[in-house]
Amino acid sequence: MLKYICYMRAYLKKSLYMLPALLVLSLGISLTVMSSLGSDCLTSFQQGIGRILNVQVGTVMTVFNLVLLAIFVFVERKYIGIGSILIGFCLGGMVNVFNGLLSSVSLNNMAVKIMVDIMGIILVAIALSWYIPLNVGLQPLDMLKQWIAKVSGQTYGISTYILSFIFLCGAFLTGGDIGIGTILNLLLVGKLCDIFMSLFKPVHEKINQSD
């Protein structure tokens with residue numbers, strides 16, 4: 001019993017460590033949307049759906065995440081943790097808030113747009129690199145990637161490319177922003193995550209020692 005209490009205490013503590021990453025992740029996504037140069041393939045697809053339905057992209061994001069969470073309760077429950085629930089319920093709303101705060105900023109210069117987009121990509125990579133090794137649950141999109149990799153016998157990387165292609169086609173069909181930002185996301189996020197995870201590794205090891 002005492003061991004279980006200690007485990008839950010450490011788990012909840014790691015969940016608190018995740019909260020800043022949620023804030024940084026939502027800001028990063030909003031910056032890529034603000035650039036109008038194209039976000040990651042999923043966000044661009046969700047952006048297109050939002051335009052068709054006349055709702056904010058964060059609202060589409062929330063519905064998408066909650067639907068995936070509900071599905072994985074039955075399909076692969078082990079992927080779900082507090083982090084999954086926090087992202088499912090909070091990420092979309094926070095993106096809407098940041099989009100609203102940034103809506104008054106006008107970007108007329110292409111160089112500035114590219115800088116804003118890259119800044120958003122860096123923040124997304126920092127957030128993912130910080131929260132994933134905490135092992136408090138995968139975000140819904142990563143659940144889908146892991147599941148596809150498992151059932152198809154392919155690697156996580158291959159499943160990422162498969163989903164990216166599907167969502168890219170969806171973004172094209174629904175009118176989401178696709179551009180140099182989309183390409184930068186595909187090229188940079190994975191590599192940046194490797195770099196930042198390496199930098200964060202000593203801190204993560206110290207945090208995870210409390211498990």
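FYI, the numbering just counts along the sequence from 1.
Residues L25 and M94 have side chains not in contact (no heavy-atom distance under 4.5 Å, counting atoms from C-beta outward). Within the 4.5 Å cutoff, the side chain of L141 has heavy atoms near those of the F167 side chain. Proximity of F172 to I178: side-chain heavy atoms (C-beta onward) are separated by under 4.5 Å at one or more points. L192 is not listed as a side-chain neighbour of V189, based on a closest heavy-atom distance of 4.5 Å or more. Contact of the Q139 side chain with the L128 side chain is registered, since non-hydrogen atoms from C-beta on lie closer than 4.5 Å. Contact annotation: the side chain of Q56 approaches that of T59 to within less than 4.5 Å [non-hydrogen atoms, C-beta and beyond]. Using a 4.5 Å cut-off on side-chain heavy atoms (C-beta onward), I87 and M18 make contact. Using a 4.5 Å heavy-atom threshold, the side chains of F98 and V33 count as separate.
Shown here for C41 and L186, the closest heavy-atom pair between the two residues is SG-CD2, 4.1 Å. Across G175 and R51, no two heavy atoms sit closer than the pair O-NH1, 2.8 Å. Between S44 and S39 the shortest heavy-atom distance is OG-N, 3.2 Å. The two residues V116 and S35 make their nearest non-hydrogen contact at CG1-CB, 4.4 Å. For G28 against V124, the heavy-atom pair with the smallest separation is C-CG2, 3.8 Å. The heavy-atom pair separating A127 from A21 by the smallest distance is CB-O, 3.3 Å.
For the atom pair CG (N135) and NE2 (H204), the distance works out to 9.0 Å, reported to the nearest 0.5 Å. Note: Q47 CD to T32 OG1 = 8.5 Å, rounded to the nearest 0.5 Å. In this structure, N185 CG and L168 CG are separated by 11.5 Å, a value rounded to the nearest 0.5 Å. Here I158 contributes atom CD1 and L163 contributes atom CG; the two are 12.0 Å apart, rounded to the nearest 0.5 Å. Residue L188 holds its CG atom at 5.5 Å from CD1 of I121, rounded to the nearest 0.5 Å. Taking CE of M61 as the reference point, atom CZ of F45 lies at 12.0 Å (rounded to 0.5 Å).
Paired with D117 under the rule side chain to side chain contact (heavy atoms under 4.5 Å, CB included), one option of L31, L184, I122 passes, and it is L184.
Judged purely by distance below 3.5 Å, without hydrogens or angles, the side chains of N65 and T62 never pair a donor atom with an acceptor atom. With hydrogens and angles left out, the side-chain atoms of N99 and S30 include a donor and acceptor closer than 3.5 Å. Under 3.5 Å, the side chains of D40 and T182 contain no donor-acceptor pair of N or O atoms.
Aromatic ring orientation, F72 versus W147: perpendicular (interplanar angle above 60°, classes split at 30° and 60°). The aromatic rings of F196 and F200 lie parallel to each other, with less than 30° between the two planes, well short of the 60° mark.
When hydrophobic clusters are built by joining Ile, Leu, Val, Met, Phe, Trp and Tyr residues whose side-chain heavy atoms come closer than 4.5 Å, directly or via intermediates, M115 is not grouped with I29. Grouping the Ile, Leu, Val, Met, Phe, Trp and Tyr side chains by contacts below 4.5 angstrom, directly or via other members, places I162 apart from L187. The same ILVMFWY cluster, assembled from side-chain heavy atoms under 4.5 Å apart, contains both F64 and L69. Cluster annotation: L107 is connected to L123 through the hydrophobic network of ILVMFWY side chains, with a link wherever side-chain heavy atoms come within less than 4.5 Å. Residues V105 and L27 share a hydrophobic cluster, clusters being chains of Ile/Leu/Val/Met/Phe/Trp/Tyr side chains in contact below 4.5 Å.
Atom CD1 of I180 has 12 or fewer heavy atoms from other residues, nucleotides or ligands within 6.0 Å.
The main-chain N or O of L138 is never found under 3.5 Å from a side-chain atom of D142 such that the two would form a donor-acceptor pair.
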